[in-house]
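Remarks on the structure that follows.
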Amino acid sequence: SIDHATHVAGTLAATGVVNNAFGMAPSALVDSYDWTDDLAEMASRGATAPGQANNLYLSNHSYGFIGGWLFVNNGSVVWEWYGNGTGATAFEEDFGRYHFRSRDQDALAFEAPYYLISRSAGNDRVDNPSDGQPVALAPGGDPVVYSASSHPPGDGNYHGGFDSMAFSAVSKNVVTVGSVSDAVSGGMRDSSVAMVSSFSSWGPTDDGRVKPDLVANGSGLYSTLNGSDSSYGSMSGTSMASPNATGTAGLLIELYRSLFSGGAMRSSTLKGLLLHTADDLGNIGPDYQYGWGLMNGKAAGDLIHDHSNYPAKQGLTEAEVSTSVTTKTYSFVWDGTSAIQATLCWTDPAGNATSTSDLRTPRLVNNLELRVTAPDGSEFYPFVMPFVETWTRASMDAPAVTGVNHTDNVEQVLIPNPPSAGSYS
């Protein structure tokens with residue numbers, strides 16, 4: 001029972017006794033667990049099918065394992081180093097690594113295909129000691145005077161802020177949420193003012209997958225605190241952004257259930273919906289700072305309503321391919337003016353955990369491919385990240401291009417100006 005957990009719970013579901021602290025899903029019930037046995041508890045509660053009243057269809061995890069520098073400020077030491085090596089070339093091998101815990105989380109999600117796990121991206125980009133500060137080069141170690149020229153670089157300085165995400169957030173099948181400032185201007189939603197928070201950890205993963213998946217407001221969030229029944233305050237962090245997104249996703253689960261006779265979306269459907277309807281920020285397409293963009297709960301809800309009213313439009317489609325049925329084709333008629341956007345998302349089996357840093361081999365197991373074909377036969381391919389196969393620091397910040405994606409279990413084709421009217425597939 002602490003401020004952090006109470007603040008997260010209030011962001012999820014506070015009923016609005018204080019209006020400014022109104023939660024995202026104010027009629028939800030919150031089951032709260034300690035984090036120490038999380039995988040076992042998640043496995044016991046994760047939904048495996050629609051209609052499981054006692055199981056969970058999503059969960060929020062505003063915590064992670066320590067990596068790189070940790071701010072302790074205990075009087076004798078300001079920072080402690082948890083990474084590899086102690087010199088100027090030291091690094092944190094766990095940033096971006098597909099750790100055995102990343103693998104185990106993917107395995108759990110694969111066995112509970114209606115259960116979506118939301119993870120905070122981490123706050124490591126501001127973990128940067130300054131010259132002259134007393135630091136310990138090992139947890140609990142003796143203090144030394146920090147020098148950037150001879151000691152491990154700050155987590156946010158090592159790759160210009162990139163590659164600063166710990167392994168708990170890099171699993172394939174979770175939704176990893178980064179933080180931005182509030183997307184509100186003059187009382188109205190304005191995604192242009194949603195700037196990435198200085199602390200929010202950035203991808204990529206070691207194999208180049210897009211992380212975070214999306215961003216939500218985690219800067220100066222006002223919510224409940226633990227001191228008393230009337231304690232409130234503001235906190236910042238991806239711990240605040242993740243329940244913001246999770247509470248909104250809970251509303252979408254309830255909306256789908258009400259429109260489709262108690263039905264439920266697969267976790268991959270819900271994740272695909274969130275990424276498909278996010279407001280693009282940063283570079284065009286996905287990037288390693290904002291992921292697929294700023295979560296837009298209304299746009300996602302509108303798409304669910306549209307799918308209910310006009311199912312022939314294939315707004316939301318769940319299907320499977322196999323070794324015997326390797327292709328699924330769906331035709332749709334373009335309206336002649338709108339951009340065409342198609343998103344494919346699937347829950348992938350767990351990959352092999354890596355014991356070394358910066359292993360570039362994809363962790364993908366089932367390599368599905370998305371294409372959109374125009375009436376004239378021309379094909380359009382999904383986004384791919386230039387970092388993949390290039391593996392340079394500069395390419396981490398390069399805009400996405402299009403091509404064949406062998407890395408991500410989310411693929412999206414975007415055609416801003418389709419070439420001709422008619423039936424696409």
Side-chain angles (χ1 to χ4, degrees), residues 172 204-205 207-211 213-214 266 268-269 271-288 290-293 299-300 303 306-307 310-348 360-391 395 398-425:
K172 295 177 289 184
T205 65
D207 62 343
R209 283 178 290 114
V210 174
K211 289 288 177 178
D213 293 292
L214 50 79
R266 289 179 176 269
S268 55
T269 307
K271 179 179 177 179
L273 172 66
L274 299 180
L275 306 191
H276 182 86
T277 55
D279 294 335
D280 191 19
L281 298 177
N283 294 334
I284 295 174
D287 58 57
Y288 297 134
Y290 297 93
W292 291 91
L303 195 153
D306 192 60
H307 179 56
Y310 309 103
K313 292 173 66 174
Q314 302 287 352
L316 288 171
T317 301
E318 293 185 336
E320 65 180 37
V321 291
S322 64
T323 54
S324 57
V325 181
T326 60
T327 302
K328 293 279 187 176
T329 302
Y330 303 92
S331 295
F332 60 95
V333 177
W334 177 48
D335 63 12
T337 57
S338 303
I340 291 175
Q341 181 181 356
T343 304
L344 171 67
C345 180
W346 66 98
T347 302
D348 201 47
R360 304 309 189 188
T361 307
R363 298 298 94 190
L364 201 60
V365 176
N366 293 331
N367 186 13
L368 279 64
E369 303 294 348
L370 176 66
R371 304 281 188 278
V372 174
T373 304
D376 61 5
S378 56
E379 288 191 322
F380 297 87
Y381 289 80
F383 289 112
V384 294
M385 301 307 292
F387 176 66
V388 177
E389 303 300 340
T390 306
W391 313 124
S395 65
V401 294
T402 59
V404 180
N405 189 327
H406 296 304
T407 304
D408 295 278
N409 62 323
V410 177
E411 297 194 1
Q412 186 181 103
V413 174
L414 177 64
I415 313 172
N417 299 295
S420 58
S423 181
Y424 284 72
S425 63

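All residue numbers refer to positions in the sequence shown, counting from 1.
For Ala339 against Leu414, the heavy-atom pair with the smallest separation is CB-CD1, 4.4 Å. Contact detail for Pro375 and Ser423: the closest heavy-atom pair is CG-O, 3.5 Å. Between Leu316 and Leu303 the shortest heavy-atom distance is CG-CD2, 3.7 Å. Ser395 and Trp391 make their closest contact through OG-N, 4.2 Å (heavy atoms, listed as atom of the first residue, atom of the second, distance). When all heavy atoms of Gly272 and Thr343 are compared, the closest pair comes out as O-CG2, 4.1 Å. Taking both residues in full, the closest heavy atoms of Val410 and Asn405 are given as O-ND2, 4.2 Å, listed atom of the first, atom of the second, then distance.
When atom types are taken as modelled, the side chain of Thr205 and the backbone of Arg209 share a donor-acceptor pair closer than 3.5 angstrom. Between the side chain of Lys172 and the main chain of Arg363, a donor-acceptor pair closer than 3.5 Å is present. Asp280 places a side-chain N or O within donor-acceptor distance of the main-chain N or O of Gly285, the cut-off being under 3.5 Å. Looking at Glu318, its side chain does come within 3.5 Å of a backbone N or O of Arg266 through a donor-acceptor pair. When atom types are taken as modelled, the side chain of Asn409 and the backbone of Leu364 share no donor-acceptor pair closer than 3.5 angstrom. A donor-acceptor contact shorter than 3.5 Å is absent between the side chain of Ser378 and the backbone of Ala374. Remark: the backbone N or O of Tyr290 is paired with a side-chain donor or acceptor of Asp287 at under 3.5 angstrom. Judged by distance alone, with hydrogens and angles left aside, the side-chain atoms of Tyr288 form a donor-acceptor pair with the main-chain N or O of Gly208 at under 3.5 Å. Using a distance-only test at 3.5 Å, with no hydrogens or angles considered, a donor-acceptor pair links the side chain of Asp348 to the main chain of Asn366.
Contact of the Gln412 side chain with the Gln341 side chain is registered, since non-hydrogen atoms from C-beta on lie closer than 4.5 Å. Side chains of Val413 and Ile340 form no contact here, defined as non-hydrogen atoms less than 4.5 Å apart. Considering only heavy atoms from C-beta on, Gln314 comes within 4.5 Å of Thr317 through its side chain. For the pair Met385/Pro286, a side-chain contact is recorded, criterion being any heavy-atom separation below 4.5 Å from C-beta on. Counting heavy atoms from C-beta outward, Val388 and Thr407 have side chains that approach closer than 4.5 Å.
Summarising the geometry, atom CH2 belonging to Trp346 is positioned 6.5 Å from atom CG belonging to Asn367; distances are rounded to the nearest 0.5 Å. Interatomic distance, Lys271 NZ to Trp292 CH2, rounded to the nearest 0.5 Å: 10.5 Å. Note that the SG atom of Cys345 and the CG atom of Leu368 stand 10.5 Å from one another [nearest 0.5 Å]. Atom CG of Leu370 and atom CG of Leu344 lie 5.5 Å apart (nearest 0.5 Å). With rounding to the nearest 0.5 Å, the separation of OG1 in Thr373 from CZ in Arg371 is 9.0 Å. Thr402 OG1 to Phe380 CZ: the interatomic distance, rounded to the nearest 0.5 Å, is 9.5 Å.
Legend: residues meeting side chain to side chain contact (heavy atoms under 4.5 Å, CB included) with Ala319, ordered by chain and number and at least two apart, are Lys328, Tyr330. Listed by chain and number, the residues in a side chain to side chain contact (heavy atoms under 4.5 Å, CB included) with Pro399 are Asn283 (sequence neighbours excluded).
Relative ring orientation between Tyr424 and Phe332 is described as parallel, the plane-to-plane angle staying below 30° on a 0-90° scale split at 30° and 60°.
His406 and Glu369 share a side-chain donor-acceptor pair at under 3.5 Å.
Counting heavy-atom neighbours within 6.0 Å of Glu320 CD, excluding the residue itself, gives a total of 12 or less.
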Quiz item: Between Thr361 and Asp207, is a side-chain contact (heavy atoms from CB on, under 4.5 Å) present by the stated rule, with each step listed?
Solution: CA-CA 6 Å; Thr361 307; Asp207 62 343; over 6 Å; no
Exercise. Report the C-alpha distance between Thr327 and Val321 in whole Å, list the side-chain angles of each, state the deciding distance to 0.1 Å, and finish with yes or no for side-chain contact (heavy atoms from CB on, under 4.5 Å).
Key: CA-CA 6 Å; Thr327 302; Val321 291; 6.0 Å; no
